[in-house]
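Input: a single structure, listed below in structure tokens.
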Amino acid sequence: MPTGAVPVRLLSPAHAAELRAAAASLLDRFSGLPTHPGLLAELPCVAAALSEGVHDACRPVDTADGLFVLTGLEVDDAALGPTPAHWSSAGDTTAVHDVVLLLLSAVMGVPLAWEGQQEGRYVHNIVPSPGHEAEQTGASSSVLLSPHTEDAFHPGRAHLLLLSCMRNPDAVATTAASVRRVRLSDEDVRLLSRPELPILPDDAYAEAQGYAGDPQPVPTLWQSPDGPTLRFDPAYTPLERAGAEHRAAYARLTDELSRVATAVSLEPGQVLVVDNDLVVHGRVPFKARYDGTDRWLKRSSIRVPGRRTRPSAERFEHGYGQKVLEAYDA
């Protein structure tokens, strides 16, 4: 898989310091809790007041790659403490970084959370966890995390995804591939643009997996005003229910995404910004040590108000009963 250069945007030391100061000020006002409702309500005003340089670094994705790496944030490895063995034991040692990530998210759109995932938090901790090594979730390690659209099962999924690196001593790569780099025949596009199959909830949503409603078929590809977009999660798509032609077209799309994929090994302080309507992402396998030094990412999901990249029929989907939460009213 190629490991070539991806678009990079630099936050200057002054801009990084500005973000940390704004985050620390918010935490001082709201009991040091990055989850405090008052802090979340203040995010849009504080984000709007950030300097032009911060806003420029957070401008929309502007290449067919569908992603960029934002670099320049500081991470003090010694102050982090051990990588937690589970997201729930992360604690608040990284509270300032969590709020920095929320401020960046608020510049780009509106931070999202899920009522049924990580206790409704707006910043998730992505760490390898014992007993989850072979799952198709962020807690896995020993298997390839298949390229996928984040939360593809739900119509309220994020428009943008932020993956912020706290620790990555083994240079474990995130994989990414843009639908705007693939080559498909008109017939394949036609087949994959039909709502043929559902996408089922992944293993991070146990409650949704027990939803009583019928799974609803959704298209894999569609044309937005800006170009082709996709909704893709083969690990949770029951392909055996489709006809041979559809399965063959889906396989060709999978092969094309593999052909154009790149590997991004994030370093501490770097944030990978992914357009979730253009790019599928995954992760290469690695051996977790569970000794406090394993890879540790933070994840933030973002809705972009007024964006027109989704089929109108999505508004009729039940979303398997999962509720999307927004940090504040946009």
Side-chain angles (χ1 to χ4, degrees), residues 11 13-51 54 57-58 70-115 117-129 138-139 158 160-169 204 266-273 292-303 325-328:
L11 284 168
H15 293 145
E18 177 188 6
L19 282 161
R20 287 187 64 84
S25 176
L26 280 168
L27 286 166
D28 285 345
R29 292 167 54 197
F30 294 103
S31 307
L33 298 174
T35 57
H36 194 291
L39 185 151
L40 297 173
E42 288 289 318
L43 284 174
C45 291
V46 176
L50 293 170
S51 65
V54 174
C58 294
L70 187 65
T71 188
L73 297 179
E74 293 184 6
V75 174
D76 183 346
D77 188 77
L80 282 181
T83 299
H86 190 265
W87 66 262
S88 61
S89 58
D92 291 324
T93 59
T94 58
V96 170
H97 193 89
D98 285 5
V99 179
V100 166
L101 199 58
L102 286 172
L103 286 169
L104 292 172
S105 300
V107 172
M108 298 182 197
V110 180
L112 299 181
W114 296 88
E115 195 171 57
Q117 191 179 28
Q118 296 206 11
E119 298 178 344
R121 294 173 181 268
Y122 289 89
V123 176
H124 292 176
N125 289 285
I126 309 300
V127 294
S129 297
L160 300 175
L161 186 69
L162 270 57
L163 296 173
S164 178
C165 181
M166 309 301 292
R167 176 176 288 145
N168 192 16
L266 292 172
E267 299 177 0
Q270 293 184 330
V271 181
L272 178 62
V273 181
T293 66
D294 282 318
R295 176 181 186 258
W296 182 1
L297 302 186
K298 299 276 186 177
R299 179 176 65 205
S300 175
S301 299
I302 303 169
R303 179 180 70 84
L325 309 174
E326 297 192 354
Y328 47 82

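Along the sequence shown, the residues carry numbers beginning at 1. Keep in mind that this is a model prediction, so the values were computed, not measured. The analysis underlying the following values was restricted to heavy atoms, covering all of them including side chains, and did not include hydrogens, waters or symmetry mates.
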Identify all side-chain donor-acceptor contacts of residues 23-45 below 3.5 Å with residues at least two apart in sequence or on another chain.
| residue | atom | partner | partner atom | Å |
| --- | --- | --- | --- | --- |
| H36 | ND1 | G38 | N | 2.9 |

Contacts table for residues 82-90: side-chain donor-acceptor under 3.5 angstrom, sequence neighbours left out:
| residue | atom | partner | partner atom | Å |
| --- | --- | --- | --- | --- |
| T83 | OG1 | R167 | NH1 | 2.8 |
| T83 | OG1 | G292 | O | 3.4 |
| T83 | OG1 | D294 | O | 2.7 |
| H86 | ND1 | S88 | N | 3.1 |
| H86 | ND1 | S88 | OG | 2.7 |
| S89 | OG | H86 | O | 2.9 |

Side-chain donor/acceptor pairs under 3.5 Å, residues 94-115, sequence neighbours excluded:
| residue | atom | partner | partner atom | Å |
| --- | --- | --- | --- | --- |
| T94 | OG1 | K298 | NZ | 2.6 |
| H97 | NE2 | S164 | OG | 2.7 |
| D98 | OD1 | K298 | NZ | 2.9 |
| S105 | OG | L101 | O | 2.8 |
| S105 | OG | S300 | OG | 2.7 |
| W114 | NE1 | D151 | OD2 | 3.1 |

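In this structure, the side chain to side chain donor-acceptor pair (under 3.5 Å) partners of R303, at least two apart in sequence or on a different chain, are E326. For R299, the salt bridge (Lys or Arg N to Asp or Glu O under 4.0 Å) test picks out E150, with sequence neighbours left out. Contacts of E267 classified as side chain to side chain donor-acceptor pair (under 3.5 Å), with partners at least two apart in sequence or in another chain: none. For Q270, there are no side chain to side chain donor-acceptor pair (under 3.5 Å) partners, not counting sequence neighbours. Residues passing the side chain to side chain donor-acceptor pair (under 3.5 Å) test with S301: none are found, sequence neighbours excluded.
In this structure, L70 and A57 approach most closely via the heavy-atom pair CD1-CB, 3.7 Å.
Here the CG-CG distance, from L73 to L19, works out to 6.5 Å after rounding to the nearest 0.5 Å. H124 contributes atom NE2, which lies 13.5 Å from atom CG of L297 (distance to the nearest 0.5 angstrom).
The closest donor-acceptor contact from the side chain of N168 to the backbone of R295 lies at 3.5 Å or more, if one exists at all.
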